[in-house]
Protein chains: 2
Amino acid sequence: MGSSAKEEARIADALCKAVLERKLAPGSKLPEEELAQIFRSNRAKIRRVLLSLSRSHIVTLEPGRGAFVSRPSPQEARDVLASRRLIEVSLLAHPYRKLSAQGATRLRRIMAQEAEAHEAHDAIAMIYISGQFHLTLIEELGNRVLKSITDELILRMSLIITMYERHNTTCCLSSDHHDLLELLLADNYAEASALMARHLEGIESCLDFHREPVTTTILSQILKPLRD
Amino acid sequence: MGSSAKEEARIADALCKAVLERKLAPGSKLPEEELAQIFRSNRAKIRRVLLSLSRSHIVTLEPGRGAFVSRPSPQEARDVLASRRLIEVSLLAHPYRKLSAQGATRLRRIMAQEAEAHEAHDAIAMIYISGQFHLTLIEELGNRVLKSITDELILRMSLIITMYERHNTTCCLSSDHHDLLELLLADNYAEASALMARHLEGIESCLDFHREPVTTTILSQILKPLRD
DNA sequence: GGGTATAGTATTGTAAACAATAATGGTTGA
DNA sequence: TCAACCATTATTGTTTACAATACTATACCC
């Protein structure tokens, strides 16, 4: 049975979600045995998952020392941000196809969740849902390849924000998402693209690459609730 | 010693090069034991390499059946082409930074190699060098993240061309590369971007997604010269 | 007291044997 | 002659034990 690949995907997803939700700090050690116990799995599977995540630049494998949550350098951070901006801004300016009614519905649904999380002051949920908004937008106006590329970029950006976020800042204004959808529905892609540029620049302006990032190496206790 | 990662990179590179040079046909079986012998390695390392390549969509792992060179579907092909077009065209229109003198030199050197291969009627070398031209361009005007993204897209495109190329067509006119460089040196990025769009569309126009692709499952004999 | 060396411990890396699964070929019966 | 079934073979998947390496703590010397 092909449940092995499924199980590995489950573990990888749990780890990615932990990164997205800023629970796994960059630099954290990821011991194989410990992960195997947490996910009720075995070292071999964990090992494959870590190899996969290292290919996505989420995890860094140091030979002989083990796996660590990646710590993107300021240069890598700038490159990731610029790449994401290039893709999203360009796609909005020259969409692969126009936003369908169905697509608009999907986006609205996500925005409703976003508002809900906002009401509940659930910052963690908001980060995740915000990512989903961007990804859905790319899938609707673009294609799946761009989506999977951006998926990885968003994950890497999560690490970047955790490392370099300036204090007392609130990233990713949800009002932008609302305005964005309005512009798309009005077929105003030029303005939508410009707004997206400002939106992403807004996130970037919350970063400070000079600050030496705190390396809160969180113990894996935090992963346990994410098992399933 | 960290020679293990090096060795795996060597094997992965050899396989990627074989894909780039159209020697490994899409659909070809990649038996673990055979690869281990060819590369004088062992199954464990081959296994990790195949897992890595599967994450890059170069190889498809079918549980219980083994690894195969990927066979991108027409839809996936269209998505890969569109994504690459988006990235390269947008980057030329809005480059991260202008082409430096050093960058121009790098590109000229690659174009010289291209001319050389053209003289020698070495079609295989030309494909590889042409890819290098595009990648260098992205590295010079953009950044490393975009480069590595495009690196993967070019590899996937190689599979796509092998599968869907119309007969009697010559893809990727090298004269375009020459004109492109001239435009960049003249600081005419708008025209360069337009030329890149035409250039990539030219490649796409050589494809025919209706044609059922020939599955020349090449035996791995062909890989042996690529061992080192 | 601090720094270095060393013994012990924990973790990662590798290999090999075994189990499970899918492909192959031959046989039998209609 | 063809098709279905079964046995054989080959290949993949998993587990285990072991080897190598890096970390930790203690003791010893300067």
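Letters go in sequence order (proteins before strands), and every chain restarts at 1. Since this is a predicted model, take the numbers as computed values, not measurements.
- Salt bridge present: E139(B) and R106(B) bring a charged side-chain N and a carboxylate O closer than 4.0 Å.
- Look at CZ on R47(B): it is 16 Å from C1' on dG13(C), rounded to the nearest Å.
- As rounded to whole Å, 13 Å separates atom C1' of dG13(D) from atom CG of L51(B).
- One interatomic measurement links the two molecules: CZ of F68(A) to C1' of dA22(D), which rounds to 10 Å at whole-angstrom precision.
- One side chain, R55(B) or S56(A), offers a donor N or O that lies under 3.5 Å from an acceptor on the other.
- In summary, K45(B) and E8(B) do not engage in a salt bridge, as defined by a charged side-chain N under 4.0 Å from a carboxylate O.
- A straight line from CD of E62(B) to C1' of dA22(C) spans 12 Å, rounded to a whole angstrom.
- Listed pair N42(A) / dT15(D) meets the phosphate criterion, a side-chain N or O lying under 4.0 Å from OP1 or OP2.
- With DNA chain C read from its 5' end, the first of the two nearest nucleotides for E33(A) and G64(B) is the one closest to E33(A).
- Distance, E32(B) CD to dT14(D) P: 11 Å, rounded to whole Å.
- Note: CZ (R65(B)) to C1' (dA20(C)) measures 16 Å, nearest angstrom.
- Protein atom NZ of K6(B) is 16 Å distant from nucleotide atom P of dG13(C), rounded to whole Å.
- Taking the side chain of R48(B) as heavy atoms from C-beta on, and the options dT14(D), dT15(D), dT14(C), the nearest nucleotide is dT14(C).
- Checking dA22(C), dT14(C), dG13(D) against every side-chain atom of R43(B), the shortest atom distance belongs to dG13(D).
- The CD atom of E7(B) sits 14 Å away from the C1' atom of dA15(C) (whole-angstrom rounding).
- The pair K29(B)-E34(B) does not meet the salt-bridge criterion, since no charged nitrogen lies less than 4.0 angstrom from a carboxylate oxygen.
- If you check every strand for non-hydrogen atoms under 4.0 Å, A44(A) touches a base.
- Distance from the side chain of K29(B) is smallest for dT11(D) among the nucleotides dG13(C), dT11(D), dT14(D).
- Here dT15(D) is the nucleotide among dT15(D), dA15(C), dT12(D) with the atom lying nearest to any side-chain atom of K45(A).
- Residues meeting the side-chain hydrogen bond (donor to acceptor under 3.5 Å, both in side chains) test with Q75(B), sequence neighbours left out: D79(B).
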